[in-house]
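Written below as structure tokens is the structure these notes are about.
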Amino acid sequence: MTIEVRACRPEEVARGLRPIFHFFGSTPSEDALTMFDRLMPPGRLHAAFEDGDAVGGAGVFPLELTVPGGRVHAAGVTVVGVLPSHRRRGILRELMRAQLDDVHERAEPVACLWASEATIYGRFGYGMASLAGEIDLARDRSLYAQPFEPRGRVRLVDHDEALELVPPVHERVARETPGMAARSRDWWELRALADPEWRRRGGGEMVRAVLEVDGEPEAYALYRLHPAFEHFASVGRTNVIEALAVSAQATAEIWRFLFDVDWMSRIEAHLLPVDHPLFFLLAEPRLMRFTLTDALWVRVVDLGDALSRRSYLGEQEVVFEVRDSFCPWNEGRWRVAAVGAERTDAAADLRLDVSALGSAYLGGFTFAELARAARVEEVRPGGLVRGDELFCGDGAPWCVEIF
Ligand SMILES: CC(C)(COP(=O)(O)OP(=O)(O)OC[C@H]1O[C@@H](n2cnc3c(N)ncnc32)[C@H](O)[C@@H]1OP(=O)(O)O)[C@@H](O)C(=O)NCCC(=O)NCCS
């Protein structure tokens, strides 16, 4: 039986989503189809068809991804799946081929994704580009290390008010934070503020809290309560979905609010950046049980364009010798400096696979770290130091949401 990999026509989207929904244990609901219809433009879902049925699929949300110094068009890769009846016959490989060629033709210089398993995407040139932490803290051990005076007022707001107050706070943070993406109104309505039953996982309705200082929103938190009892005493949890703030003071205030929700016994949060201010806000940071995992993976698709669109520190220049077997148009030597990236015949400072460049792109990992894991080879002495001076950012990349 032959397999045909191609972009889905609009009437085929439900079919193209079925392979990944198989792993969610369901078929796409009407709500899910509406969400994909509004957020995934026609032609962005590829599928592998056999006899008219899709046995694999892979999609893209077009994103505006923040990178050091600006934003780039990025392919937010999602809904990748191959039915278990067709696994390990090269269908994912063909989907990745079709998708990355399409991303390249559309002039999106990078692709990014959350990997269900870290073993899948390195072979296609993706590199782990950020880390995320989860916390699980007893409420009665959530004291702050320093005296703290709230200045604002937290209000619980309904969906419609949140839709007005929350996006500007997100945008102020997202614009400054590599790894975050701009959100359209549709994205807010259909994803970030949507509260379908299946997302609650035993918890309550989504609560939307907004911190206002002098009447202006400066922070927000989206969270759920998970009430539970043992021997009549609460062992309930406050589950923080997303909490963002525009200043240090607002960060302290919104998290103090979350830690102080009465009756709950623990506070959980996921997808926090590795340099979250809670490490310094809390008197006993180790009690957060901050646990790390790989987060956003980045694939540099058009190397010259991608590297020219982010900013760099200092006057250094570095020559990379890049291997890229899956997207060979990137192979060769590239000089990178504050003015951007260009092909060069000059001698290389660093030799690396394109996946390592993806790991360094957002500033989440240094070339020195990558070299210690044999992901980068220093060809000319001083190359690692120069590369890190050039690429280093002023904070860890942070992707607040799995897509
Ligand atoms: C991951 C998945 C899409 C792979 O599809 P597939 O069609 O079996 O993959 P392919 O046959 O094209 O494999 C391509 C290569 O990746 C490897 N590979 C595929 N899935 C892998 C996995 N989960 N772990 C390790 N290696 C994997 C294959 O061994 C093969 O290696 P090779 O190039 O050295 O020969 C499929 O297993 C799946 O749908 N999994 C569940 C849903 C999921 O995790 N989706 C990803 C969401 S981010």
Side-chain angles (χ1 to χ4, degrees), residues 1-8 12-29 32 35-36 39-40 44-51 53-63 65 74-103 108 110-132 134 179 181 191 198-199 270-271 293-301 323-328 353-355 358-359 375 397 399-403:
M1 201 67 66
T2 52
I3 306 274
E4 183 195 12
V5 171
R6 59 170 170 80
C8 292
E12 295 171 327
V13 167
R15 258 184 281 167
L17 291 171
R18 276 203 19 232
I20 189 59
F21 272 78
H22 169 84
F23 295 97
F24 300 156
S26 63
T27 48
S29 65
M35 189 270 282
F36 284 105
L39 298 178
M40 188 174 284
R44 300 309 312 253
L45 179 65
H46 283 81
F49 290 97
E50 183 187 60
D51 248 359
D53 277 337
V55 296
V60 164
F61 291 126
L63 302 178
L65 182 73
V77 173
T78 183
V79 293
V80 177
V82 172
L83 290 179
S85 49
H86 289 71
R87 71 193 285 278
R88 306 302 183 267
R89 297 188 204 170
I91 292 178
L92 172 68
R93 179 170 284 277
E94 282 197 50
L95 285 164
M96 289 290 108
R97 177 76 277 145
Q99 186 182 68
L100 279 170
D101 286 344
D102 185 51
V103 169
E108 289 165 328
V110 301
C112 55
L113 54 78
W114 286 81
S116 60
E117 295 175 88
T119 45
I120 302 174
Y121 293 100
R123 60 173 54 76
F124 305 118
Y126 286 85
M128 175 173 56
S130 74
L131 296 170
E134 62 179 27
R191 290 184 65 98
W198 65 265
R199 282 174 86 181
H270 308 266
L271 310 183
T293 184
D294 54 297
L296 200 65
W297 289 62
V298 167
R299 209 288 174 209
V300 173
V301 179
R323 290 183 305 272
D324 191 346
S325 56
F326 205 65
C327 297
D353 186 78
V354 72
S355 57
S359 294
R375 296 299 185 109
C399 185
V400 275
E401 119 182 65
I402 296 178
F403 51 81

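Ligands are counted one by one from 1 in listed order, and the atoms in each one are counted from 1 as well. Quick note: residue numbers are just sequence positions, from 1.
Here Ile120 has side-chain heavy atoms under 4.0 Å from ligand 1, and that is the only part of it that gets that close. Contact annotation: for Phe24 versus ligand 1, there are no heavy atoms closer than 4.0 Å. Neither the backbone nor the side chain of Glu94 has any atom closer than 4.0 Å to an atom of ligand 1 (non-hydrogen atoms only).
On a distance-only criterion, Ala115 and ligand 1 share no N/O pair closer than 3.5 Å.
The nearest non-hydrogen atom to atom 41 (C) of ligand 1, considering only Trp297, Phe23, Phe124, comes from Phe23.
The ligand atoms of ligand 1 that sit less than 4.0 angstrom from a heavy atom of Arg93 are 12 (O), 33 (O). Taking a cut-off of under 4.0 Å to the non-hydrogen atoms of Gly81, the atoms of ligand 1 that pass are 39 (O). If you number the atoms of ligand 1 from 1 as listed, the ones under 4.0 Å from a heavy atom of Gly90 come out as 10 (P), 11 (O), 12 (O). Atoms of ligand 1 found under 4.0 Å from any heavy atom of Trp114 (numbered from 1 in listed order, with element): 48 (S). Heavy-atom contacts of Val82 reach the following atoms of ligand 1: 3 (C), 5 (O), 7 (O), 38 (C), 39 (O) (cutoff under 4.0 Å). The Tyr121 neighbourhood of ligand 1 comprises atoms 46 (C), 47 (C), 48 (S), with distances under 4.0 Å to a heavy atom of that residue. Taking a cut-off of under 4.0 Å to the non-hydrogen atoms of Arg87, the atoms of ligand 1 that pass are 8 (O). Here is the list of ligand 1 atoms found below 4.0 Å of a heavy atom in Ser116: 43 (C), 44 (O), 45 (N), 46 (C), 47 (C), 48 (S).
Atoms NE2 and CD1, on His270 and Ile402 in that order, are 9.5 Å from each other to the nearest 0.5 Å. Remark: Met128 CE to Thr293 OG1 distance equals 9.0 Å, nearest 0.5 Å. We find the CG-CG distance between Leu271 and Leu131 to be 12.0 Å, quoted to the nearest 0.5 Å.
The protein non-hydrogen atom at the shortest distance from atom 21 (C) of ligand 1 is Arg88 NH2, 3.5 Å. In this structure, the protein non-hydrogen atom closest to atom 24 (N) of ligand 1 is Thr119 OG1, 3.0 Å. Nearest protein heavy-atom contact of atom 18 (N) of ligand 1 is Arg123 NH1, 3.8 Å.
The closest donor-acceptor contact from the side chain of Ser130 to the backbone of Ala295 lies at 3.5 Å or more, if one exists at all. Judged by distance alone, with hydrogens and angles left aside, the side-chain atoms of Trp297 form no donor-acceptor pair with the main-chain N or O of Ala118 at under 3.5 Å. Remark: the backbone N or O of Arg89 is not paired with any side-chain donor or acceptor of Arg93 at under 3.5 angstrom.
Shown here, atom 35 (O) of ligand 1 is out of close reach of the protein: none of its heavy atoms lies under 4.0 Å off. Shown here, atom 12 (O) of ligand 1 is in close reach of the protein: a heavy atom of it lies under 4.0 Å off.
Geometrically, Arg299 does not engage Tyr121 in a cation-pi contact defined by less than 6.0 Å to the ring centre and at most 45° from the axis. Cation-pi check for Arg44 over Phe61 is not met; the charged atom does not lie both under 6.0 angstrom from the ring centroid and within 45 degrees of its normal.
Heavy-atom contacts from other residues, nucleotides or ligands closer than 6.0 Å to CZ of Arg15 number more than 12.
Ala74 and Glu108 get closest at one heavy-atom pair: O-OE2, 4.3 Å. Here the closest heavy-atom approach between residue Thr27 and residue Phe21 is recorded as C-CD2, 3.8 Å.
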